[in-house]
Amino acid sequence: INLMSLNYPMPHRTRPATLPGDQVGEREVARMIRVDHAGELGAQAIYVGQMAVLKDQPSAPLLSEMEQQESEHLKIFEKLITERGVRPSALSPLWRRMGYAIGTGSALMGERAAMAVTVAVEEVIEEHYQQQLEQLGEDEPELRATISEFREDELRHRDTALENGAEEAPAYKLLSRSVKAGTKLAIWLAKRI
């Protein structure tokens with residue numbers, strides 16, 4: 001019997017997008033740079049918003065230090081966008097506004113809530129950067145070094161926030177889940193738009 005003549009759909013086998021040893025394509029690297037730029041834009045805006053409210057509070061020096069690091073990260077991704085001709089996220093103005101709103105909103109709930117937002121955002125970003133490092137493998141050594149360095153900075157931000165009462169924030173678990181979900185959605189959108 002000739003199975004092709006029975007008009008049954010034959011299973012279509014496709015090769016996975018990448019296999020072990022494959023190099024990461026330019027398109028995927030461009031996506032990484034676009035989403036990382038968008039993330040650093042949002043993170044910097046969160047700290048600016050928090051500082052607008054908490055500028056006279058004990059946490060201000062910590063927030064200022066973290067904001068300065070995020071600004072440096074943002075400058076490096078802006079440079080990469082220019083050098084590599086990567087299209088920034090079309091939603092960049094939204095990331096800036098939403099980041100600022102999250103920053104001011106959390107700060108209005110108090111220093112611990114601001115720290116809780118830092119923990120939630122940095123945990124998602126750390127995981128995101130780790131996935132990128134695994135995807136890059138040995139490809140793109142300079143980008144890999146940048147992402148690895150920034151991942152370490154984000155972990156320090158998380159640890160600093162934990163040391164400064166993040167888990168004591170009102171409704172910590174709810175706040176954390178909400179911010180994490182929003183951050184994951186922002187990453188998904190920035191990859192595409």
Side-chain angles (χ1 to χ4, degrees), residues 24 26-55 59-107 114-133 135-136 140-161 164 166 179-180 182-193:
V24 177
E26 285 182 38
R27 185 175 171 192
E28 191 55 38
V29 169
R31 273 183 162 184
M32 286 180 186
I33 293 170
R34 177 174 33 261
V35 73
D36 293 351
H37 173 262
E40 297 298 346
L41 184 78
Q44 191 257 352
I46 288 171
Y47 289 118
V48 168
Q50 289 175 340
M51 285 296 297
V53 175
L54 299 172
K55 61 183 172 274
S59 63
L62 292 174
L63 295 171
S64 178
E65 182 182 324
M66 291 188 278
E67 187 275 326
Q68 289 172 9
Q69 282 188 320
E70 299 298 353
S71 291
E72 287 302 313
H73 295 179
L74 179 58
K75 285 178 191 173
I76 289 170
F77 278 113
E78 285 175 346
K79 183 180 175 198
L80 285 170
I81 276 184
T82 302
E83 288 175 351
R84 294 186 179 225
V86 173
R87 175 187 61 78
S89 172
L91 300 174
S92 290
L94 177 65
W95 304 142
R96 191 177 303 277
R97 285 188 199 102
M98 290 299 295
Y100 188 82
I102 291 167
T104 56
S106 63
M115 293 295 167
V117 166
T118 295
V119 170
V121 169
E122 301 300 19
E123 284 181 350
V124 172
I125 298 305
E126 181 279 326
E127 182 180 303
H128 169 74
Y129 277 158
Q130 183 60 42
Q131 289 170 351
Q132 286 184 338
L133 290 171
Q135 188 175 3
L136 283 170
E140 296 279 343
E142 288 179 33
L143 179 60
R144 195 177 151 65
T146 297
I147 291 171
S148 181
E149 177 186 335
F150 291 178
R151 179 181 168 272
E152 292 302 318
D153 290 344
E154 309 305 358
L155 286 170
R156 278 191 295 280
H157 295 174
R158 180 206 60 197
D159 293 346
T160 298
N164 284 276
V179 171
K180 284 181 178 184
T183 304
K184 288 176 183 180
L185 176 61
I187 289 170
W188 187 87
L189 289 170
K191 285 181 182 178
R192 291 156 178 81
I193 302 174

Checklist entry - Does the side-chain contact (heavy atoms from CB on, under 4.5 Å) test come out yes or no for Val35 and His128, once each step is laid out? => result CA-CA 10 Å; Val35 73; His128 169 74; 3.6 Å; yes
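- With sequence neighbours excluded, no residue satisfies salt bridge (charged side-chain N to carboxylate O under 4.0 Å, His left out) with Glu67.
- Partners of Arg151 by salt bridge (charged side-chain N to carboxylate O under 4.0 Å, His left out), not counting sequence neighbours, listed by chain and number: Glu126.
- Atom CG of Leu62 sits about 10.0 Å away from atom NE2 of His157, to the nearest 0.5 Å.
- Partners of Glu72 according to the salt bridge (charged side-chain N to carboxylate O under 4.0 Å, His left out) rule, which considers only residues two or more places apart in sequence or in another chain, are Lys75.
- Here OG1 of Thr118 is found 7.5 Å from CD1 of Ile46. Values are rounded to the nearest 0.5 Å.
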Item to check | salt bridge (charged side-chain N to carboxylate O under 4.0 Å, His left out) assessment of Glu140 paired with Arg84 | outcome: CA-CA 13 Å; Glu140 296 279 343; Arg84 294 186 179 225; 2.6 Å; yes
Checklist entry - Can Val124 and Glu127 be said to form a side-chain contact (heavy atoms from CB on, under 4.5 Å), step by step? => result CA-CA 5 Å; Val124 172; Glu127 182 180 303; 5.8 Å; no
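- Within 6.0 Å of the CZ atom in Arg87, the count of heavy atoms belonging to other residues, nucleotides or ligands exceeds 12.
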Checklist entry - Can you check side-chain contact (heavy atoms from CB on, under 4.5 Å) on Lys55 and Leu63, steps first, answer last? => result CA-CA 9 Å; Lys55 61 183 172 274; Leu63 295 171; over 6 Å; no
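- Closest non-hydrogen pair, Ala107 versus Val53, comes out as CB-CB, 3.5 Å.
- Legend: residues meeting salt bridge (charged side-chain N to carboxylate O under 4.0 Å, His left out) with Lys79, ordered by chain and number and at least two apart, are Glu83.
- In this structure the side chain of Glu40 reaches within 4.5 angstrom of the side chain of Glu154, judged on heavy atoms.
- Pairs passing the side-chain hydrogen bond (donor to acceptor under 3.5 Å, both in side chains) check and including a residue from residues 184-193, sequence neighbours excluded, do not occur.
- Shown here are the ring-ring contact (aromatic ring centres under 6.0 Å, His included) partners of Phe150, two or more places apart in sequence or in another chain: His73, Phe77.
- Side-chain atoms of Thr104 come within 3.5 Å of backbone atoms of Tyr100 as a donor-acceptor pair (strictly under, hydrogens ignored).
- Other residues, nucleotides and ligands contribute at most 12 non-hydrogen atoms within 6.0 Å of the CZ atom of Arg97.
- Arg96 contributes no side-chain N or O that, together with a main-chain N or O of Ala45, makes up a donor-acceptor pair within less than 3.5 Å.
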Checklist entry - Would His37 and Leu74 satisfy side-chain contact (heavy atoms from CB on, under 4.5 Å), going step by step from the backbone distance to the final call? => result CA-CA 6 Å; His37 173 262; Leu74 179 58; 3.7 Å; yes
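- Under the side chain to side chain donor-acceptor pair (under 3.5 Å) test applied with Gln50, the options Ser64, Ser59, Ser106 reduce to a single match, Ser106.
- In this structure, Asn164 and Met115 approach most closely via the heavy-atom pair O-CG, 3.7 Å.
- Taking all atoms of both residues into account, the shortest heavy-atom contact from Ser92 to Leu41 is O-CD2, 3.3 Å.
- Rounded to the nearest 0.5 angstrom, Ile147 CD1 and Ile33 CD1 are separated by 8.0 Å.
- Met32 CE to Arg34 CZ: the interatomic distance, rounded to the nearest 0.5 Å, is 12.0 Å.
- For Val86 against Ala30, the heavy-atom pair with the smallest separation is CG1-O, 3.4 Å.
- If you take CG on Leu136 and CG on Leu143, they are separated by 5.5 Å, rounding to the nearest 0.5 Å.
- Between the OG atom in Ser148 and the CG atom in Asp153 there is a gap of 10.0 Å [rounded to 0.5 Å].
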